[in-house]
Amino acid sequence: MPEIPAGFEDLLEQRLYGHLATVGGDGSAQSSPMWFDWDGERLRFTHTKKRAKFRNIQAEPRVAFSILDPTNPYRYLEVRGTIDQVDDDPTGSFIQELAHLYQAPWAGTSTGDEADRVILYLRPTKFVSHG
């Protein structure tokens with residue numbers, strides 16, 4: 001794994017929002033704000049099989065994820081890499097874990113899309129930082 005730039009580890013460890021960018025079938029970029037969890041090696045996200053981002057990743061697993069420091073908008077970390085694993089999560093346990101961590105008001109209740117839930121794993125190939 002590439003080395004995280006010194007002084008930027010905190011952006012992976014805080015409960016921040018980031019933007020996950022994928023490439024669509026027509027070659028255009030698609031970016032969405034996402035909750036995430038960092039396990040020290042990979043980023044994990046929750047998603048459903050019915051959305052464009054999931055189809056994009058199936059066709060092109062290379063992605064970029066950016067995290068902006070909320071206290072300094074000139075400081076950010078970009079994680080480039082590959083979605084190297086997708087696990088079914090038919091009970092929605094991971095979205096509930098993230099909802100609790102991010103203190104979502106609906107944590108603990110059904111999202112209604114549990115049957116289609118997956119966990120996406122991003123393995124970093126490059127870190128880019130600024131600030």
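Counting from 1, the numbers follow the sequence of the chain as shown.
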* Identify the heavy atoms of Met1 and Glu41 that sit nearest to each other, and give their distance. => SD-O, 3.4 Å
* Work out which heavy atom in Pro2 is nearest to a heavy atom in Phe127; give both atom names and the distance. => O-CE1, 3.5 Å
* Ring centres of Phe65 and Phe36 under 6.0 Å apart? -> yes
* Would one find more than 12 heavy atoms of other residues, nucleotides or ligands at under 6.0 Å from atom CD of Glu3? -> no
* Check whether Ile4 and Val63 end up in the same hydrophobic cluster, where Ile, Leu, Val, Met, Phe, Trp and Tyr are linked by side-chain heavy atoms less than 4.5 Å apart. => yes
* Asked: Which pair of non-hydrogen atoms, one from Gly81 and one from Leu122, has the smallest distance, and what is that distance?
  -> CA-CD2, 3.9 Å
* Side chains of Thr82 and Asp84: is there a donor and an acceptor less than 3.5 Å apart? -> no
* May I ask you to test the Val23-Arg62 pair for a side-chain heavy-atom distance under 4.5 Å? => no
* To do: Enumerate the residue pairs fulfilling salt bridge (Lys or Arg N to Asp or Glu O under 4.0 Å) with a member in residues 18-38, sequence neighbours excluded, ordered by first and then second residue.
  => Arg15-Asp37, Asp37-Arg44
* Measure the CZ-OG1 distance between Arg55 and Thr22 for me, rounded to the nearest 0.5 Å. => 10.5 Å
* Structure fact -> Tightest non-hydrogen contact, residues Gly131 and Phe8, listed as O-CZ, 3.7 Å
* Can you see which heavy atom on Pro5 is nearest to which on Leu77, and at what distance? => CD-CD1, 4.0 Å
* **Rounded distance (nearest 0.5 Å) linking atom NZ of Lys53 with atom CD1 of Ile83** => 9.5 Å
* **Listed partners of Arg80 passing salt bridge (charged side-chain N to carboxylate O under 4.0 Å, His left out), at least two apart** => Glu78
* For Tyr76, what are the other residues in its hydrophobic cluster, where any two members join if their side-chain heavy atoms are less than 4.5 angstrom apart? -> Leu68
* With distance as the sole test, does Glu114 use its side chain to make a donor-acceptor pair with the main-chain N or O of Gly112 at under 3.5 Å? -> yes
* To do: Could you label the plane-to-plane angle of the Trp35 and Tyr17 rings as parallel, tilted or perpendicular, counting under 30° as parallel and over 60° as perpendicular?
  => tilted
* Answer yes or no: is there a donor N or O on one side and an acceptor on the other, between the side chain of Tyr102 and the main chain of Leu16, under 3.5 Å? => yes
* Separation between OG of Ser129 and CD1 of Ile67, rounded to the nearest 0.5 Å -> 11.5 Å
* Asked: Looking at NZ of Lys49 and CG of Asp113, how far apart are the two atoms once the value is rounded to the nearest 0.5 Å?
  -> 12.0 Å
* Knowing that exactly one of Thr91, Thr46, Asp88, Thr48 qualifies, which makes a side chain to side chain donor-acceptor pair (under 3.5 Å) with Arg117? -> Thr46
* Asked: What distance separates Gln30 CD from Ile57 CD1, expressed to the nearest 0.5 Å?
  -> 8.5 Å
* Structure fact -> Nearest heavy-atom contact between Arg75 and Leu11 is NH1-CD2, 3.5 Å
* Structure fact -> Value for CZ (Phe54) from CG (Leu120), rounded to nearest 0.5 Å, stands at 7.0 Å
* Please confirm whether the backbone N or O of Phe94 pairs with a side-chain atom of Gln96, one donor and one acceptor, at under 3.5 Å? => no
* Asked: Does Asp87 have any salt bridge (charged side-chain N to carboxylate O under 4.0 Å, His left out) partners at least two apart in sequence or in another chain, and if so, which?
  -> none
* **Residue list, side-chain hydrogen bond (donor to acceptor under 3.5 Å, both in side chains) with Ser93, at least two apart or on another chain** => Asp89
* To do: List for me each residue that meets side-chain hydrogen bond (donor to acceptor under 3.5 Å, both in side chains) alongside Lys50, sequence neighbours excluded, and say none if there are none.
  => Asp116
